[in-house]
A.B. asks: 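Could you have a look at this structure, given as structure tokens, before my questions?
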Number of protein chains: 2
Amino acid sequence: MKTLALIEYFNRMLPLDEKEIAFVEEIFKERSVKKRQFILQEGEICKQNTYVLEGCFRMYLIDPHGKEHNLQFAIENWWIGDIGSFHSNTPSKLNVEATENSIILQVKKEDQLKLFTDYPKFNQIFRVLAENAMVGLQRRVLHNISSTAEERYLDFLERHPTLFNRISNVQIASYLGVTPEFLSTIRKKIAKS
Amino acid sequence: MKTLALIEYFNRMLPLDEKEIAFVEEIFKERSVKKRQFILQEGEICKQNTYVLEGCFRMYLIDPHGKEHNLQFAIENWWIGDIGSFHSNTPSKLNVEATENSIILQVKKEDQLKLFTDYPKFNQIFRVLAENAMVGLQRRVLHNISSTAEERYLDFLERHPTLFNRISNVQIASYLGVTPEFLSTIRKKIAKS
DNA sequence: CCAAGACCATAAGGTAGTTTAAGAAATGCT
DNA sequence: AGCATTTCTTAAACTACCTTATGGTCTTGG
């Protein structure tokens, strides 16, 4: 099994004992997903939490005008899924699509809940993960309300150097909240200076 | 002590036993804060986590041009503080200021860590809180990248009906990421229709 | 009770970002 | 290899939002 990477990931946060490792291996199921395939679509309830072993995903919203807006990307060692839907069992408004052929580990909601009740250590691990995610999201909100698109793009390049050559500019523009045409003029301007 | 509201708040999430209640009462300290007073300023390390009993706060960033950008408001039963700074012991870039005379409960970092190690139940409580906060922040990012300022304002009114009559339009504009002047024209347009 | 700040509104001119459309470049498919 | 599709760029007209400025109302404190 390929749960090894995940075990190591958890271990780096908080060392696991054998039982915990065994249970993680039991409940996380490996799955491969082809490019352009969805692991969540609007209207579905998100019943699985997903950890990316290889590949890349994007999670996006389709607005009333039919336009897509990328909320998040996920590459190796990232989590992806609609936590809101997962938590409250309500239909998701988000889509999660593979942008490359990918390999993931998925855990069902009931198994993850069992993980929390039977092995409380994971409450701490996932608390820290959620807090880290919060910090990242706060940072992004601040950027969105205080910076220009150019500043946001430069910040994106700086913070995600491994991401920007795996993802098309159309997708990056959508993540930044601008049109691809405007991102193009930004890139041109930056290249000149 | 006024920890009662906090105990009830925790109890609603996950029932506490006597020992847990006693420890919460021991480590959370009541404090009153006057309007315009700061409980965190840029450059300081955030060493306390804050729960609002009464009053209202805003957390904001000052950008390189000297402009303020509101990241978050907090009224009764909300938490406020710079989690990033709190977690990593690094100087905060944020300011937290009371916008009304307020009463808060604060817990020191070391006491909160003790809470997590000695009473693991709180890992679960704070995991759920962090996950809920994530959902709210994701929602806000999506709005920022996909909606107009008018749509964001209407959404704010809808989601925070108790907040909008306690906070000036200048502060709301800063939260939405527009100038107060533009918010004024938005409000005028809405009033007409 | 007056002065000093806050807060809100309005308007004119400016800039950041969008729309539409069309062509060039890169990539995928058979 | 060769055609189709997606991706990137450019440009012109347009819209959302910003800046600066001015005046009015409402609080607040001394």
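Naming convention: chains lettered A, B, ... in sequence-line order (proteins, then strands); numbering from 1 in each chain. Everything quoted here is computed from the prediction, not taken from an experiment.
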A.B. asks: Under 4.0 Å between a side-chain nitrogen and a carboxylate oxygen: does that hold for Asp155(B) and Arg139(B)?
C.D. replies: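 Yes, Asp155(B) and Arg139(B) are salt-bridged.
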
A.B. asks: Could you tell me which residues satisfy side-chain hydrogen bond (donor to acceptor under 3.5 Å, both in side chains) with Asn169(B), sequence neighbours excluded, listed by chain and number?
C.D. replies: none

A.B. asks: Using distance only, find each side-chain donor-acceptor pair of residues 35-47 of chain B under 3.5 Å and give its atom names and separation, not counting sequence neighbours.
C.D. replies:
residue: Gln37(B); atom: OE1; partner: Lys34(B); partner atom: N; Å: 3.0
residue: Glu44(B); atom: OE1; partner: Gln41(B); partner atom: N; Å: 3.3

A.B. asks: For Arg127(A), is there an ion pair with Glu131(B) - N to carboxylate O distance below 4.0 angstrom?
C.D. replies: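 So Glu131(B) does not pair with Arg127(A) through a salt bridge.
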
A.B. asks: Excluding sequence neighbours, so at least two apart, what forms salt bridge (Lys or Arg N to Asp or Glu O under 4.0 Å) with Glu100(B)?
C.D. replies: Arg166(B)

A.B. asks: Kindly write out the residues that satisfy side-chain hydrogen bond (donor to acceptor under 3.5 Å, both in side chains) with His69(B), not counting sequence neighbours, or none if the list is empty.
C.D. replies: Asp63(B)

A.B. asks: For Ile186(B) and dA16(D), what is the distance between atoms CD1 and C1' respectively, to the nearest whole Å?
C.D. replies: 9 Å

A.B. asks: Would you kindly give the CD-to-P distance between Glu68(A) and dT6(D), to the nearest whole Å?
C.D. replies: 12 Å

A.B. asks: Considering only heavy atoms of chain B and a distance under 4.0 Å, specify the first and last nucleotide of DNA chain C in 5' to 3' order that meet this criterion.
C.D. replies: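 Taking any atom under 4.0 Å from a heavy atom of chain B, the span is dC8(C) to dA11(C).
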
A.B. asks: Between protein and nucleotides 8-13 of chain D, map the contacts as a letter string: B base, S sugar-phosphate only, - none, heavy atoms under 4.0 Å, written 5' to 3'.
C.D. replies: SBBS--

A.B. asks: Rounded to the nearest 0.5 Å, what separates atom CG in Leu129(B) from atom CD in Gln124(B)?
C.D. replies: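 One finds 11.0 Å between CG of Leu129(B) and CD of Gln124(B).
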
A.B. asks: What's the angle between the local helix axes at either end of the helix from dC1(C)-dG30(D) to dT30(C)-dA1(D), using five pairs per end and rounding to 10 degrees?
C.D. replies: 60°

A.B. asks: Please report the interatomic distance NZ(Lys121(A)) to CG(Leu115(A)), rounded to the nearest 0.5 Å.
C.D. replies: 11.0 Å

A.B. asks: Give me, pair by pair, the N or O atoms of the protein and of nucleotides 24-30 of chain D that are less than 3.5 Å apart, along with how far apart they are.
C.D. replies:
none

A.B. asks: With side-chain contact (heavy atoms from CB on, under 4.5 Å) as the criterion, how do Leu16(A) and Ile125(A) come out once you've worked through the C-alpha distance, each side chain's angles and the decisive distance to 0.1 Å?
C.D. replies: CA-CA 11 Å; Leu16(A) 303 184; Ile125(A) 292 176; 4.1 Å; yes

A.B. asks: Between Lys19(B) and Tyr119(B), is NZ or CZ placed under 6.0 angstrom from the six-membered ring centre and within 45° of the ring axis?
C.D. replies: no

A.B. asks: Where along residues 153-165 of chain B does a heavy atom fall under 4.0 Å from DNA chain C?
C.D. replies: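 Result for residues 153-165 of chain B: none.
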
A.B. asks: Select base, sugar-phosphate, or nothing to describe what Lys67(A) touches, counting heavy atoms under 4.0 Å on all strands.
C.D. replies: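 If one applies the 4.0 Å heavy-atom cut-off, Lys67(A) turns out to touch the sugar-phosphate alone, with no base involved.
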
A.B. asks: Could you work out the complete set of other residues in the hydrophobic cluster of Ile190(A), with links drawn between I, L, V, M, F, W and Y side chains under 4.5 Å apart?
C.D. replies: Phe73(A), Ile75(A), Trp78(A), Tyr153(A), Leu154(A), Phe156(A), Leu157(A), Leu163(A), Phe164(A), Ile167(A), Ile172(A), Tyr175(A), Leu176(A), Val178(A), Phe182(A), Leu183(A), Ile186(A)

A.B. asks: Of all residues at least two apart in sequence or in a different chain, which pass the salt bridge (Lys or Arg N to Asp or Glu O under 4.0 Å) check with Arg159(A)?
C.D. replies: none

A.B. asks: Report yes if the side chains of Lys108(B) and Ile27(B) come closer than 4.5 Å at any heavy-atom pair, otherwise no.
C.D. replies: no

A.B. asks: Not counting sequence neighbours, which residues clear ring pair (Phe, Tyr, Trp, His ring centres under 6.0 Å) with Tyr51(A)? List them please.
C.D. replies: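 Expected list: Tyr9(A), Trp79(A).
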
A.B. asks: Is a side-chain donor or acceptor of Gln72(B) paired with a backbone partner of Ile80(B) at a separation under 3.5 angstrom?
C.D. replies: no

